[in-house]
Amino acid sequence: MKFRLPSISRRRFLGRLAPVAAAPFLAAGCGAGPTVVPGIEVLLNREMSLIRGRRVGLITNHTGVDRRLRHDIDLLQARPEVELAALFGPEHGMAGMAAAGARIESRPNSRWGIPVHSLYGATTQPTEEMVRGLDLLIYDMQDVGSRYYTYLATLRNCLRAADRFRIPLIVLDRPNPLGGLTVEGRVLDPRLLSLVGPAAIPARYGLTPGELAGWMKFRLHLKCSLIVVRMDHWERAHWFADTGLVWVPPSPNIPAAMTALIYAGMCLVEGTNLSEGRGTTTPFEIAGAPWVDGPRAVEAMNRLELPGVAFRHTRFRPSASKFSGQACEGIQLHVLHPRRFQPLRTALSLIAHFRRTHSGHFQWAERHFDRLAGSEEVRSGIDRDQPVEEMLEGWAEELATFEKERRDFYLY
């Protein structure tokens with residue numbers, strides 16, 4: 001069911017979903033309950049009045065699919081009562097094949113017979129020319145649940161464009177693959193806002209795209225018309241394995257939902273001269289370099305007895321990114337208990353170990369690490385050997401404040 005978010009009020013959003021008929025197709029999954037129905041199906045089955053007779057611009061990529069893996073583009077083009085007039089693509093492109101950070105060019109013509117405007121090229125925000133003639137924008141992409149992922153910046157920028165050009169934005173909601181209960185990490189210092197840190201939220205924020213859109217609209221003081229088409233059957237305790245949906249890798253280095261969980265912490269390795277496993281079959285599950293003492297790292301990390309995870313010595317040779325073509329020594333994470341695993345605590349402990357034991361080789365990509373971590377204090381704390389546990393305790397108050405604030409924007 002559609003859900004309109006108020007322009008100014010922070011009142012708790014209320015509402016009930018209407019019952020939905022049993023679906024004729026259930027995707028394979030681990031959850032015992034009914035399969036989650038993504039927003040695109042709710043829109044087409046019950047809320048067509050929102051888009052009937054409209055010229056629509058769709059912000060999406062290859063992850064915008066229904067439970068039968070049919071794409072939004074095809075589904076909307078099959079409906080004669082709506083005109084799909086333009087597409088907008090994020091980082092990695094419409095097919096999700098481009099490498100991280102690769103510039104994507106807009107295309108005036110596409111195989112769908114309509115233009116594809118890149119939001120990760122010459123501009124990251126829809127321009128007046130791009131939205132000219134459109135009646136509304138629709139956003140539908142699968143997120144990974146971490147602040148670093150640039151799809152969040154795309155969502156923020158589309159909200160800004162909707163506000164600037166006075167065009168409604170509809171968000172078709174999808175699950176947060178890491179669930180809606182846990183928050184983790186440092187709340188971003190607003191001075192470090194960037195495409196990998198688009199909002200003052202923790203690294204793991206526990207909101208769906210629709211809920212986050214409501215939070216962003218309020219925090220950015222926007223007055224655009226925002227409508228969230230909610231999912232059916234999603235609950236806050238659901239992780240992706242509980243949804244019954246098929247995981248479509250949102251980018252080349254997030255091949256599985258488990259990778260998304262590990263990425264919530266290990267993305268921080270990008271801000272160092274350690275390889276985070278890009279160019280291997282296990283991105284973000286491994287960390288290392290040609291100069292790393294792998295067995296020593298494994299022994300030290302297993303001695304910490306971090307919850308839900310064990311470590312193994314590994315060797316790897318990346319085919320791309322850092323140390324491409326070079327033999328590397330390192331460490332591999334094995335998540336034994338996903339709901340106990342703490343990605344940020346684990347990644348910071350790992351980085352702190354390499355900083356302390358390989359000081360002659362280890363280097364920071366300072367600005368990038370700070371933007372990922374959310375504060376310069378994280379890096380400086382590791383440099384002065386501040387215990388990770390003490391660092392986490394120092395974030396408890398700001399996390400509690402965010403935890404309380406985000407509840408005003410719950411839709412489930």
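Reckoned from all heavy atoms, side chains included, excluding hydrogens, waters and symmetry mates.
The number of heavy-atom neighbours closer than 6.0 Å to CZ of Arg355, taken from other residues, nucleotides and ligands shown, is above 12. Applying the 6.0 Å contact sphere to CD of Glu81 captures more than 12 heavy atoms from other residues, nucleotides or ligands.
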ask   = Run the salt bridge (charged side-chain N to carboxylate O under 4.0 Å, His left out) check on Glu376 and Arg191 step by step: do they pass?
value = CA-CA 10 Å; Glu376 297 175 1; Arg191 294 173 295 181; over 6 Å; no
Intermediate values then yes/no, salt bridge (charged side-chain N to carboxylate O under 4.0 Å, His left out), Glu105 and Arg103 = CA-CA 7 Å; Glu105 299 297 332; Arg103 181 187 174 102; 3.0 Å; yes
query = Are Arg68 and Asp66 close enough, and set up right, to give a salt bridge (charged side-chain N to carboxylate O under 4.0 Å, His left out), and what steps lead you there?
reply = CA-CA 5 Å; Arg68 297 186 183 186; Asp66 69 1; 5.8 Å; no
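Considering only heavy atoms from C-beta on, Phe240 stays 4.5 Å or farther from Leu261 through its side chain. Looking only at side-chain heavy atoms (C-beta outward), Asn253 and Thr259 stay at 4.5 Å or farther from each other. Using a 4.5 Å cut-off on side-chain heavy atoms (C-beta onward), Arg52 and Arg79 make no contact. Counting heavy atoms from C-beta on, the side chains of Glu329 and Pro295 come closer than 4.5 Å. Residues Val378 and Trp395 are in side-chain contact: their nearest non-hydrogen atoms beyond the backbone lie under 4.5 Å apart. The side-chain heavy atoms of Asn157 and Leu119, taken from C-beta on, include no pair separated by under 4.5 Å. Put simply, the side chain of Pro250 reaches to within 4.5 Å of the side chain of Val144, judged on heavy atoms.
Among Leu136, Ile227, Val82, Ile138, the one residue that satisfies the side chain to side chain contact (heavy atoms under 4.5 Å, CB included) test with Leu50 is Ile227.
Nearest heavy-atom pair across His233 and Thr35 is CD2-O, 3.4 Å. Taking all atoms of both residues into account, the shortest heavy-atom contact from Arg147 to Pro198 is O-CD, 3.6 Å. Scanning both residues, His92 and Tyr151, for their nearest heavy atoms gives CD2-OH, 3.8 Å. When all heavy atoms of His62 and Gly96 are compared, the pair lying nearest together is CE1-CA, 3.3 Å. Here the closest non-hydrogen pair linking Gly277 and Ser275 is N-OG, 3.0 Å. For the pair Arg345 and Pro307, the tightest heavy-atom approach, listed with the atom from each and the gap, is NH1-CD, 3.5 Å.
Between His221 and Phe218, the angle of the ring planes lies from 30° to 60°, which puts this pair in the tilted group. Between Trp291 and Phe323, the ring planes are perpendicular. Angles over 60° get that label, and only those under 30° would be called parallel.
Judged by distance alone, with hydrogens and angles left aside, the side-chain atoms of Thr208 form no donor-acceptor pair with the main-chain N or O of Asn176 at under 3.5 Å. For Tyr139 (side chain) and Ala213 (main-chain N/O), no donor-acceptor pair under 3.5 Å exists by modelled atom type. With hydrogens and angles ignored, the 3.5 Å screen pairs a side-chain donor or acceptor of Thr127 with a backbone N or O of Met130. In this structure, the side chain of Lys217 does not engage the main chain of Leu159 through any donor-acceptor pair within 3.5 Å.
Checked against the 6.0 Å centroid criterion, the rings of Phe284 and Tyr263 qualify as a close aromatic pair. In this structure, His358 has its ring center at least 6.0 angstrom away from the ring center of Phe362. You'll find the ring centres of Tyr205 and Phe402 outside the 6.0 Å limit.
Side chains of Thr63 and Asn61: a donor-acceptor N/O pair is present below 3.5 angstrom, by distance only. Between the side chains of Glu405 and Trp215, at least one donor N or O sits under 3.5 Å from an acceptor N or O.
Residues Glu41 and Arg46 are not paired through a salt bridge, judged by the lack of any N-O separation under 4.0 Å between the basic side chain and the carboxylate.
For the pair Arg339 and Trp239, the distance from NZ or CZ to the six-membered ring centre is under 6.0 Å and the angle to the ring normal is within 45 degrees.
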